[in-house]
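One structure is given here, and the rest of the page talks about it.
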Amino acid sequence: MEIVVGNTPLLEANGISKSFDYKLFEELSISLYSQQSVSVMGRSGTGKSTLLHILSTLLKPDSGSVKVLGQDVYSLSKKKIDMIRRYDIGIIFQSHYLFKGMTALENIESATLLSETKIDYEIFKMLEIDDIIDKKVGDISGGQQQRVSIARVLSKKPKLIFADEPTGNLDKDTANLVMDALNRYIIDNKAALFLVTHDDEIAKKTQKLYQLDNKKLNIR
């Protein structure tokens, strides 16, 4: 069931097109509301990650607009886009990009200091990393490192979460744990989740599922 709180989307993209050496996709539109999760599937090379990068302010589209919390981001200065990314957007990648010489907690604190938020130990419990937060990143497993990287993103309390194959390197049980934590976070914090995945079971854990094929985005 789709949950929509309020009438104003947290994210609103209209007429998004992008080309590199060829037309990747054209005239795509999508909105995300508070407490809503959506996933995008499609064959490799259809532009799923590129779309995520555009929606998350990392890559400017060739045409179209992207509004984040009501602001047309690609009409703003770089400084203002950086501020939106710093406070309102969280991006989860398939690779964790942690500082291995630091503890898990120190990695997470690096994000909360930048976003001026407080450590939320409930997030550690949701991701089942509360018993390893004082360990050096190099001393914990790959699955634990991925969950630490997700905790780092959630701890900055973003309103929009963009996740690019966040469970791609995880076993089934851990992947389900991560999805449960993400879904709980967006409900508790009136946030929204945009997820790219190749895993049909993971995609079904979001409220709305899209297929990106033939340059178009369609609801499955």
Side-chain angles (χ1 to χ4, degrees), residues 1-13 30-42 48-49 51-52 55-56 68-69 87-96 104 108 111-112 115 117-133 142-212 217 219-220:
M1 180 178 67
E2 179 179 340
I3 302 172
V4 176
V5 176
N7 297 317
T8 304
L10 299 180
L11 172 77
E12 186 176 16
I30 188 171
S31 296
L32 263 174
Y33 293 83
S34 172
Q35 298 184 311
Q36 185 182 43
S37 59
V38 305
S39 54
V40 175
M41 300 188 72
K48 300 183 301 300
S49 293
L51 177 60
L52 181 146
L55 299 180
S56 62
V68 172
L69 305 181
Y87 291 105
D88 301 313
I89 289 174
I91 306 174
I92 301 169
F93 297 102
Q94 188 171 359
S95 298
H96 48 74
I108 294 165
T112 59
S115 59
T117 53
K118 294 181 179 180
I119 292 290
D120 185 348
Y121 288 88
E122 189 61 31
I123 290 172
F124 303 164
K125 293 178 183 178
M126 284 196 305
L127 290 164
E128 296 185 4
I129 58 168
D130 48 310
D131 59 337
I132 56 98
I133 59 171
Q144 289 171 326
Q145 289 178 23
Q146 181 66 352
R147 279 179 281 155
V148 169
S149 73
I150 293 169
R152 181 174 60 180
V153 171
L154 299 186
S155 291
K156 62 181 271 191
K157 297 299 173 121
K159 281 297 181 184
L160 285 163
I161 301 168
F162 297 90
D164 194 352
E165 297 282 0
T167 63
N169 294 325
L170 303 177
D171 62 77
K172 183 177 180 180
D173 289 342
T174 306
N176 287 332
L177 170 71
V178 164
M179 287 305 300
D180 289 345
L182 290 173
N183 281 321
R184 179 176 167 185
Y185 174 88
I186 66 170
I187 297 301
D188 291 349
N189 294 276
K190 293 182 171 59
L193 171 67
F194 180 92
L195 172 75
V196 167
T197 183
H198 284 97
D199 189 327
D200 203 55
E201 292 302 311
I202 292 298
K204 288 176 181 176
K205 288 184 172 289
T206 61
Q207 297 159 13
K208 187 178 287 188
L209 171 55
Y210 290 90
Q211 187 79 21
L212 180 55
L217 191 65
I219 296 177
R220 275 182 51 179

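Along the sequence shown, the residues carry numbers beginning at 1.
For the atom pair NZ of K48 and CD of E165, the computed distance is 7.0 Å after rounding to the nearest 0.5 Å. To the nearest 0.5 Å, the span separating CD1 on I150 from CZ on R147 amounts to 9.0 Å. Within the model, atoms CG of D199 and NZ of K204 stand 9.5 Å from one another, a figure rounded to the nearest 0.5 Å. Interatomic distance, CG of D120 versus NZ of K156, reported as 15.0 Å (0.5 Å rounding). Once rounded to the nearest 0.5 Å, the distance linking NZ of K159 with CG of L69 reads 8.5 Å. Atom CG of L127 sits about 6.5 Å away from atom CG of L154, to the nearest 0.5 Å.
In this structure, L193 and Y185 have side chains that are not in contact, with every pair of non-hydrogen atoms separated by 4.5 Å or more. Residues L10 and K190 are not in side-chain contact: their nearest non-hydrogen atoms beyond the backbone lie 4.5 Å or more apart. Side-chain contact between I132 and V148: present, with at least one pair of heavy atoms (C-beta onward) separated by less than 4.5 Å. Within the 4.5 Å cutoff, side-chain heavy atoms of M41 are placed close to those of T197. Within the 4.5 Å cutoff, the side chain of L160 has no heavy atoms near those of the F194 side chain. At least one side-chain heavy atom of L170 sits under 4.5 Å from a side-chain heavy atom of Q146. Between I123 and K157, some side-chain heavy-atom pair lies under the 4.5 Å cut-off. The side-chain heavy atoms of M179 and T206, taken from C-beta on, include a pair separated by under 4.5 Å.
Scanning all heavy atoms of the two residues, the minimum distance from P158 to A191 falls at O-CB, 3.7 Å. Residue A175 comes nearest to I202 through the heavy atom pair CB-CD1, 3.9 Å, listed as atom of the first residue, atom of the second, then distance. A pairwise comparison of heavy atoms in F124 and I108 identifies CE2-CD1, 3.4 Å as the closest pair. The two residues I133 and D130 have their closest heavy-atom pair at CG1-O, 3.8 Å.
Here the side chain of S37 pairs a donor or acceptor atom with the backbone of Q207 at under 3.5 angstrom. For the pair S39 (side chain) and L195 (backbone), a donor-acceptor distance under 3.5 Å is absent. A donor-acceptor pair under 3.5 Å is formed between the side chain of T117 and the backbone N or O of S155. Looking at Q35, its side chain does come within 3.5 Å of a backbone N or O of I187 through a donor-acceptor pair.
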Q) D164 and F162: side-chain contact (heavy atoms from CB on, under 4.5 Å), yes or no, with the steps? A) CA-CA 7 Å; D164 194 352; F162 297 90; over 6 Å; no
(Q) Could you go through L51 and I30, starting from their C-alpha distance and side-chain angles, then the distance that decides it, and tell me whether this counts as side-chain contact (heavy atoms from CB on, under 4.5 Å)? (A) CA-CA 11 Å; L51 177 60; I30 188 171; 5.6 Å; no
